[in-house]
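What follows is a short report on a single structure.
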Amino acid sequence: MVCTAMRIHLLSPQLSNQIAAGEVVERPASVIKELVENSLDAGARQIRIEVEQGGLKRLQVRDDGEGIEREDLQLALSRHATSKIESVDDLMAIATLGFRGEALPSIASVAALTLTSRRQGCDHGWSLRCEGDVPRDEPRPAPHPVGTTVEVRDLFFNVPARRKFLRNERTEFKHIEEVVRRMALSRDGVAWSLVHNGRGVLEVPACDDHWSPVARLGQLFGQSFAEQMIGIEAETQSLSLRGWIGLPTCSRSQADMQYFYVNGRMVRDRLISHALRQAYQDVLYHGRHPIYVLYLEMPPDEVDVNVHPGKQEVRFRESRSIHDFVARRVTEAIADIRPEAEEAVSYLSPEPLRPTQYVSGGYTSAAMRSRSAGLPFAGGSDAPLRAYEDLYRNAGIDPLVRQDPVSAAGVADEAERDEDQPLGRAVAQIHGVYVIAENAAGMALVDMHAAHERITYERMKSSLSGSGIRRQPLLLPISITLTTQEADLVENEDELLQSLGLVARRLGPDSVALHEVPALLADGDVEALFRDVIADLRSHGTSDRVETEQNAILARMACHGSVRANRRLSLVEMDALLRDLERTERGGQCNHGRPTWVQLDMQELDRMFLRGR
């Protein structure tokens, strides 16, 4: 058999660019993304995007940015030519969206591209045409305002194998529209226009004194989307997190409404996704996904954006601290959602949402004022809970306390009470399931089992966190075989594992012995739990498995220990339930993600009965 190996040779520039285009240009939406990023890096304040036939025939992006010098037009179409970095130090602290210098030459290698630009102070602009990576002539004078226009025609005209993978016009335009919405969210100070086949699709003005980021959110995704969001703002010495997170009652069956930006760059990061899932795990149905629009600002040298050809992923230098910061701040914001007696604020308010404000639905994240610490609700199932209570005691926690409800005597005058009691005063009970309460806005309808379940659950968690995770020694240590890297991790993270209630000692290069486990989980599959924790530590640098498993047990205890349907309560007991719910973190949902109460204001009630018509 004769070997006929080919000799090593250099690829032609056109073939190199077409290979690069395979990483950068997937479909028309990818072209829009790359061109818009260049416009934003050039300081554009207005960006107009025109599309024909879903981008299959023509794409054009025009901006009012700095523009390009005549002498640099041809260089801009060369690979690895950029104005954004000059040294290795610049590469380690990238502050622009683009930096590789591959977008324009890659696009030009698979389409007919015309680049027209004018710099400030020049009498006119200059235009350069390029087809299949080959400039057709020298730059020519062209009328053009200050800024740059890039027109792309017949995408993949010279790569038919790639073109056949494109979808129909409708599908490709949907991808373009989604890219434009994502980019519009990334820059409040930029005005955006999107035109398809000559018809205006989006017209988004820049945010100013008359047009807020909240209004932009409502315009881009609809009023119902904006009304289900709450503002969040938190910062440390080097990190800043702001934006909006969706109410737990507004979740999705898929993760298609999740927007996360790092220093203005939209990214999809597994670490961040895990942190946000962890923050929502206590308030969502299983299999549901939260919605959010969040912006993380941090020093550029603390994040590496040069890890993905399409710049859609990043790598954090201190990944564990980033994960904990995002998870903790979002968890706190969700926990602070409480009933609000004040009138709802319009989402079109010129003032952007603050972390202490939710626009509609009767919620706020401001801490509730309370004149008394309050006592536990007197309800509860009549069925014995000895098994759960014994388990609870084994974990070092006092079992569920039941006391007489708070007396209504001694309440201040009615105006002050309305302010401090947003859910209002109980007036009736329906079929032993729902409590009707009259409040300043109208009427609140409370699911008494769901409400009491959340109250009980939060008290249990608070008690457990106060005493820490109690460990239980195993009668016979469990020998677990791991990889060498995992065994090393067990040694290096010994302190963290002990804080999770897990004590393990290394037996050999690839094995450990598990000696102690969380008392609340001792009867479960602790080996599987231990392996899952190690897997989390390898992937995310942290783990919430123990907390999740313990919370699942507490949730079951709370469910069985809460007042049941068909249980008749006195008005005093109902009022005690309402007061406890107002003070309880995450009080808007039960442990299974169901709402605990809904608000019907007077306008809604009037509409039901056609009053005023």
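This chain uses plain numbering: 1 for the first residue, then up along the sequence.
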Quiz item: When you measure from the side chain of Ser321 to the backbone N and O of Glu318, does any donor-acceptor pair fall under 3.5 Å?
Solution: yes

Self-check item: Check: Leu217 and Phe225 side chains under 4.5 Å, non-hydrogen atoms
Solution: yes

Self-check item: No-hydrogen, no-angle side-chain donor-acceptor test under 3.5 Å, Gln60 and Arg62
Solution: no

Self-check item: CE-NZ distance between Met266 and Lys33, expressed to the nearest 0.5 angstrom
Solution: 10.5 Å

Exercise. Determine, step by step, whether Tyr280 and Val283 satisfy the side chain to side chain contact (heavy atoms under 4.5 Å, CB included) criterion, reporting the C-alpha distance in whole Å, the side-chain angles of both residues, the deciding distance to 0.1 Å, and the verdict.
Key: CA-CA 6 Å; Tyr280 273 91; Val283 291; 4.0 Å; yes

Quiz item: Going from OG on Ser127 to CZ on Arg118, what distance comes out if it is rounded to the nearest 0.5 angstrom?
Solution: 14.5 Å

Self-check item: Gln258 side-chain N/O to Pro290 backbone N/O, donor-acceptor pair under 3.5 Å
Solution: yes

Quiz prompt | Salt bridge present between Glu50 and Arg48 (N-O < 4.0 angstrom) | solution = yes

Practice problem: May I ask you to decide whether Glu233 forms a salt bridge with Arg242, counting only side-chain N to carboxylate O separations under 4.0 Å? | Solution: no

Exercise. State, to 0.1 Å, how close Ala103 and Glu34 come at their nearest heavy-atom pair, and which atoms those are.
Key: CB-OE1, 3.5 Å

Quiz item: Quick one: does Thr249's side chain have a donor or acceptor within less than 3.5 Å of a partner on Pro595's backbone?
Solution: no

Quiz item: Going by an N to O cut-off under 4.0 Å, is there a salt bridge joining Glu177 and Lys174?
Solution: no

Quiz prompt | Side chain proximity check, Gln53 to Arg58, heavy atoms < 4.5 angstrom | solution = no

Quiz item: Which atoms form the tightest heavy-atom contact between Thr148 and Gly67, and what is the distance?
Solution: OG1-CA, 3.5 Å

Quiz item: Do Gln281 and Asn551 have a side chain donor and acceptor closer than 3.5 Å?
Solution: no

Exercise. Report yes or no: does Arg162 contribute a side-chain atom to a donor-acceptor pair with the main-chain N or O of Val25 at less than 3.5 Å?
Key: yes

Quiz item: Going through the checks in order, is the side chain to side chain contact (heavy atoms under 4.5 Å, CB included) test met by Trp126 and Ile68?
Solution: CA-CA 9 Å; Trp126 295 89; Ile68 305 172; over 6 Å; no

Quiz item: Is Arg163 atom CZ crowded by more than 12 heavy atoms from other residues, nucleotides or ligands, each under 6.0 Å away?
Solution: yes

Self-check item: Salt-bridge criterion met for Asp256 and Arg252 (N-O under 4.0 Å)
Solution: yes

Quiz item: Between Met229 and Val293, what is the shortest heavy-atom contact and its length?
Solution: CE-N, 4.0 Å

Quiz item: Okay, side chain of Asp269, backbone of Ile272: is any donor-acceptor separation there less than 3.5 Å?
Solution: yes

Exercise. Answer whether the closest heavy-atom distance between the side chains of Arg181 and Leu202 falls below 4.5 Å.
Key: yes

Quiz item: CG/Leu59 to CZ/Arg153 distance, rounded to the nearest 0.5 angstrom?
Solution: 10.0 Å

Quiz item: Any side-chain heavy atom of Gln219 sitting closer than 4.5 Å to one from Arg216?
Solution: no

Quiz prompt | Pair Leu294-Tyr261, side chain to side chain contact (heavy atoms under 4.5 Å, CB included): steps then yes or no | solution = CA-CA 6 Å; Leu294 291 172; Tyr261 300 84; over 6 Å; no

Quiz item: Would His144 and Thr149 count as a side chain to side chain donor-acceptor pair (under 3.5 Å) if you check the C-alpha gap in whole Å, the side-chain angles of each, and the deciding distance to 0.1 Å?
Solution: CA-CA 9 Å; His144 196 276; Thr149 299; 2.6 Å; yes

Exercise. Could you tell me which residues satisfy side chain to side chain contact (heavy atoms under 4.5 Å, CB included) with Thr483, sequence neighbours excluded, listed by chain and number?
Key: Gln485, Glu486, Arg538

Quiz prompt | Interatomic spacing from NE2 in His175 to CG in Leu166 - rounded to 0.5 Å | solution = 10.0 Å

Practice problem: Kindly give the heavy-atom pair with the smallest separation between Ser78 and Pro105, and that separation in Å. | Solution: O-CG, 3.6 Å

Quiz item: Side chains of Leu296 and Ile322: does their closest heavy-atom pair fall under 4.5 Å?
Solution: yes

Self-check item: Residue pair Arg265, Asn263: steps toward the side chain to side chain contact (heavy atoms under 4.5 Å, CB included) verdict
Solution: CA-CA 6 Å; Arg265 180 190 305 276; Asn263 293 345; 5.8 Å; no

Quiz prompt | Side-chain (Ser240) to main-chain (Thr236) donor-acceptor, under 3.5 angstrom | solution = no

Quiz item: Between Leu56 and Pro28, is any pair of side-chain heavy atoms under 4.5 Å apart?
Solution: yes

Quiz item: CZ of Arg328: more than 12 outside heavy atoms within 6.0 angstrom?
Solution: yes

Self-check item: Minimum side-chain heavy-atom gap Ile47-Ser193 below 4.5 Å
Solution: no

Quiz item: Do His323 and His274 have side-chain atoms, one donor and one acceptor, less than 3.5 Å apart?
Solution: yes

Exercise. May I ask you to say whether Arg545 pairs ionically with Asp536, meaning some side-chain N is under 4.0 Å from a carboxylate O?
Key: yes

Exercise. For atom CZ of Arg167, decide whether the heavy atoms of other residues, nucleotides or ligands shown that lie under 6.0 angstrom number more than 12.
Key: no

Quiz item: Backbone N or O of Gln46 within a donor-acceptor pair of the Asp64 side chain at under 3.5 Å?
Solution: yes

Quiz item: At what distance, to the nearest 0.5 angstrom, does CG of Asp282 lie from CD of Gln278?
Solution: 10.5 Å

Quiz prompt | pair Leu247-Ile230: side-chain heavy atoms closer than 4.5 Å | solution = yes

Exercise. For the residue pair Phe260 and Tyr292, categorise the inter-ring angle as parallel (less than 30°), tilted (30 to 60°) or perpendicular (more than 60°).
Key: perpendicular

Side-chain donor-acceptor distances from residues 184-191 under 3.5 Å, at least two apart:
residue : atom : partner : partner atom : Å
Ser186  : OG   : Met183  : O            : 2.6
Arg187  : NH1  : Gly264  : O            : 3.2

Quiz item: Roughly how far, to the nearest 0.5 Å, is the OG atom of Ser106 from the CG atom of Leu77?
Solution: 11.0 Å

Self-check item: Donor + acceptor pair across side chains of His289, Ser253 (<3.5 Å)
Solution: no

Exercise. Determine the minimum heavy-atom distance between Leu115 and Val150, stating which atoms define it.
Key: CD1-CG2, 3.6 Å

Exercise. Measure centre to centre between the rings of Phe221 and Tyr259, then say whether the value is under 6.0 Å.
Key: yes

Quiz item: Does a side chain donor of either Asn168 or Thr171 reach within less than 3.5 Å of an acceptor in the other side chain?
Solution: yes

Self-check item: Closest non-hydrogen atom pair between Ala279 and Ile334, with its separation
Solution: O-CD1, 3.7 Å

Quiz prompt | Arg320 and Glu493: CA distance, side-chain angles, deciding distance, salt bridge (Lys or Arg N to Asp or Glu O under 4.0 Å) verdict | solution = CA-CA 13 Å; Arg320 181 180 297 179; Glu493 300 291 350; 3.1 Å; yes

